[in-house]
Number of protein chains: 2
Amino acid sequence: MRPMSLPVGLPALADSDLVGQIARILMQAIVQGRLPPGSKVVEAGVARELGVSRAPVREAARLLEKQGLLVASPRRGFFVRKLEIRNIDEIYDLRLCIERHAGVLAARNLTPQSREVLRRQIDVLHKTADLDDPARQVEEDYRFHRLIFEIADNRRLLRLFDDLAAELRMVIGLIGRLYDDPHEIARTHEPLLAAIEAGHPERITAHVDYHIGHAWREVGKLVRELTPPGGNSIASPSGILIPTNGVTV
Amino acid sequence: MRPMSLPVGLPALADSDLVGQIARILMQAIVQGRLPPGSKVVEAGVARELGVSRAPVREAARLLEKQGLLVASPRRGFFVRKLEIRNIDEIYDLRLCIERHAGVLAARNLTPQSREVLRRQIDVLHKTADLDDPARQVEEDYRFHRLIFEIADNRRLLRLFDDLAAELRMVIGLIGRLYDDPHEIARTHEPLLAAIEAGHPERITAHVDYHIGHAWREVGKLVRELTPPGGNSIASPSGILIPTNGVTV
DNA sequence: CAAGATTAAAGTGTCGACAATCGACGATTA
DNA sequence: TAATCGTCGATTGTCGACACTTTAATCTTG
């Protein structure tokens, strides 16, 4: 028998993907608030609770670290990232930056097909708005924006968006409620799509600025409400390696 | 009197950072071409050769994966990332995107002090140009751009730049020669700084576009020269795996 | 002789264990 | 009393081992 060529509609091999499962479980626990920001994630504890060894737990933690949900402190362990206002601002600032870029690229690559896909996703947004399911609404919102990145056709950029989205999902999850009226959210996507269809870079960036900036302000407001004044975070190390054993600066 | 703990000139505790050391060693091997793109990195082999166990090697590999030098394929191991033209283009495209943004932010935050730091780094670039030390030249070049990101004062953005720089360093290392005249490189930084000092977003982005775009084209040209026509990649970098001909040298 | 089946080797995923290290608590001292 | 130093428990860093999967080599068989 042939090795059976690639199953294209990937059925999610999640059966034997232990670290993936653990990562998902941890992520759930974080966004559901069972692991509050700043709390320590003890490898052995998680391992015992899940009936596995520490190795996969460790790898899962590293995965979540890459996504920004955890921060690692050498010899101290993993901690759930605290959401400072500063982090929120930095994330949204970066998102603004890449979303502008993606918008312009998407406009350049836009085909009738991809245009139709975007339009349909806006319909989905409108439909979802009636469901009173905030999590679903947020998810569909991200899906729209992700489509723009897919059309932009830069995998590196798409990966970055996914990372940012994971962090923002944590933020949203912790806030616990939607940051705006769902119908309003759905509506604000339309001028953005229109700008992309028109293909004028300035209009695109302007609309992205408006759209993302709005979410930024709303989320910032809510986070500021929820954050106790003495909130302090654990610094992310950002230890990046430089080849020629040069100093990191 | 305050306790005054921290000794100011702290000498980097990195002594017992085993995974960091291993990561550096592997990175060296990669950029020096001893581990050619596409080759397999066998955990046990590296571990035996370095006299350590597989665990820290694994972690080091994950670190390098995060930086994009390795790609992981479940149950198959780590491979040195192949540099396709497409990857180069995507990386430079993203770099262009964030470097514009950082430039504008830096201009907004610019102080006489930070301005002076940038100016001094350009001097360093000129001095280094005489040394005939390509690696050093590249390093000082990155340092200049990194300074811009530091001044921009968005840690998330800075981290992203470091990641991209690590990938680009690999590219440069593999190309083996500098992509341009060192003096020319030093000179082209001056109008960029001038634009930042002037603080006009349009001028900044224009100069960034010119500056980065130049490097982009040069690197692209060299990579295209060096790449055999049948170059194929092993996996897309985001954890989603696309099995292809797993050439292991 | 080539294509498929079979077997052997190599290598990753996971495990449990041990030593080194960190943080907290309490004893000691000025 | 307050600060410093040691001690102890908890937790990470690292190790070697084993099972299962993948890859390579060998053997059938038409």
Side-chain angles (χ1 to χ4, degrees), chain A residues 1-7 13-26 35 38-65 70-80 232 234-235 237 239, chain B residues 1-7 10 13-26 35 38-65 70-80 234-235 239 241-249:
Chain A
M1 266 283 178
R2 306 304 306 283
M4 169 69 189
S5 60
L6 309 181
L13 70 163
D15 291 321
S16 65
D17 182 14
L18 194 46
V19 313
Q21 287 180 268
I22 297 174
R24 259 181 290 269
I25 290 175
L26 283 178
L35 285 174
S39 63
K40 189 161 165 23
V41 176
V42 179
E43 297 176 9
V46 177
R48 186 166 5 92
E49 201 160 335
L50 298 181
V52 297
S53 91
R54 276 175 53 211
V57 174
R58 215 178 155 78
E59 299 233 356
R62 283 262 126 80
L63 236 166
L64 295 182
E65 185 201 6
L70 298 179
V71 292
S73 181
R75 284 179 174 57
R76 286 167 34 81
F78 293 91
F79 297 82
V80 179
N232 211 352
I234 299 156
Chain B
M1 266 283 176
R2 305 312 305 289
M4 151 59 199
S5 25
L6 307 181
L10 73 170
L13 69 164
D15 290 321
S16 65
D17 181 15
L18 194 48
V19 314
Q21 288 180 266
I22 298 173
R24 260 180 287 270
I25 290 174
L26 283 178
L35 285 174
S39 62
K40 188 163 167 21
V41 176
V42 179
E43 296 176 10
V46 177
R48 188 167 2 93
E49 201 161 336
L50 297 181
V52 297
S53 89
R54 276 175 51 209
V57 174
R58 217 179 154 79
E59 298 233 357
R62 281 263 127 79
L63 239 169
L64 295 182
E65 184 201 7
L70 298 180
V71 291
S73 181
R75 288 184 179 69
R76 287 167 32 82
F78 293 92
F79 298 81
V80 180
I234 288 181
L241 303 144
I242 301 171
T244 57
N245 50 353
V247 189
T248 65
V249 171

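Side chains included, hydrogens not; waters and symmetry mates left out as well; all remaining heavy atoms used. Sequence lines set the chain letters: A, B, ... in the order given, protein chains first and strands last, and positions in each chain run from 1.
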By nearest-nucleotide position on DNA chain C, the 5'-leaning member of A/Arg54 and B/Arg54 is B/Arg54
With no angle test and no hydrogens, is the base of C/dG23 tied to the side chain of A/Arg75 by a donor-acceptor pair under 3.5 Å?
no
5'-most contact on DNA chain C (nearest-nucleotide basis), A/Val19 vs B/Arg48, goes to B/Arg48
Between A/Glu43 and the options A/Arg48, A/Arg58, A/Arg76, the salt bridge (charged side-chain N to carboxylate O under 4.0 Å, His left out) test singles out A/Arg58
Just to confirm, is there a sub-4.0 Å distance from OP1 or OP2 of C/dG23 to any side-chain nitrogen or oxygen of A/Arg76?
yes
To the nearest angstrom, the CD1-P distance between A/Ile22 and C/dT14 comes to 8 Å
In whole angstroms, the gap separating P of C/dG13 from CZ of A/Arg58 amounts to 16 Å
When rounded to whole Å, the CG to P distance for the pair A/Leu18 and C/dT12 reads 18 Å
Looking at A/Glu65 and A/Arg62, is there a salt bridge between them, counting it only when a charged N and a carboxylate O are closer than 4.0 Å?
yes
Have a look at A/Val41 and say if it touches a base, only the backbone sugar-phosphate, or nothing, with a 4.0 Å heavy-atom cut-off.
sugar-phosphate
To the nearest angstrom, the CD-C1' distance between A/Glu43 and C/dT14 comes to 14 Å
Atom CG of A/Asp17 and atom C1' of C/dT14 are separated, to the nearest Å, by 13 Å
From CD of B/Glu65 across to C1' of C/dT12 the rounded distance in Å is 14 Å
Would you say A/Ser53 places a side-chain N or O within less than 4.0 Å of OP1 or OP2 belonging to C/dC15? yes
A/Leu50 CG to C/dG16 C1', in whole Å, measures 17 Å
key: Close side-chain approach of A/Val46 and A/Glu49, heavy atoms under 4.5 Å   = no
Of the candidates C/dC15, C/dG11, D/dC15, the side chain of B/Val42 sits closest to C/dG11
To the nearest 0.5 Å, atom CG of B/Leu50 lies from atom CG of B/Leu26 at 7.0 Å
d(B/Arg24 CZ, B/Leu63 CG) to nearest 0.5 Å is 10.0 Å
N/O (side chain, A/Lys40) to phosphate O (OP1/OP2, D/dT12) under 4.0 Å | yes
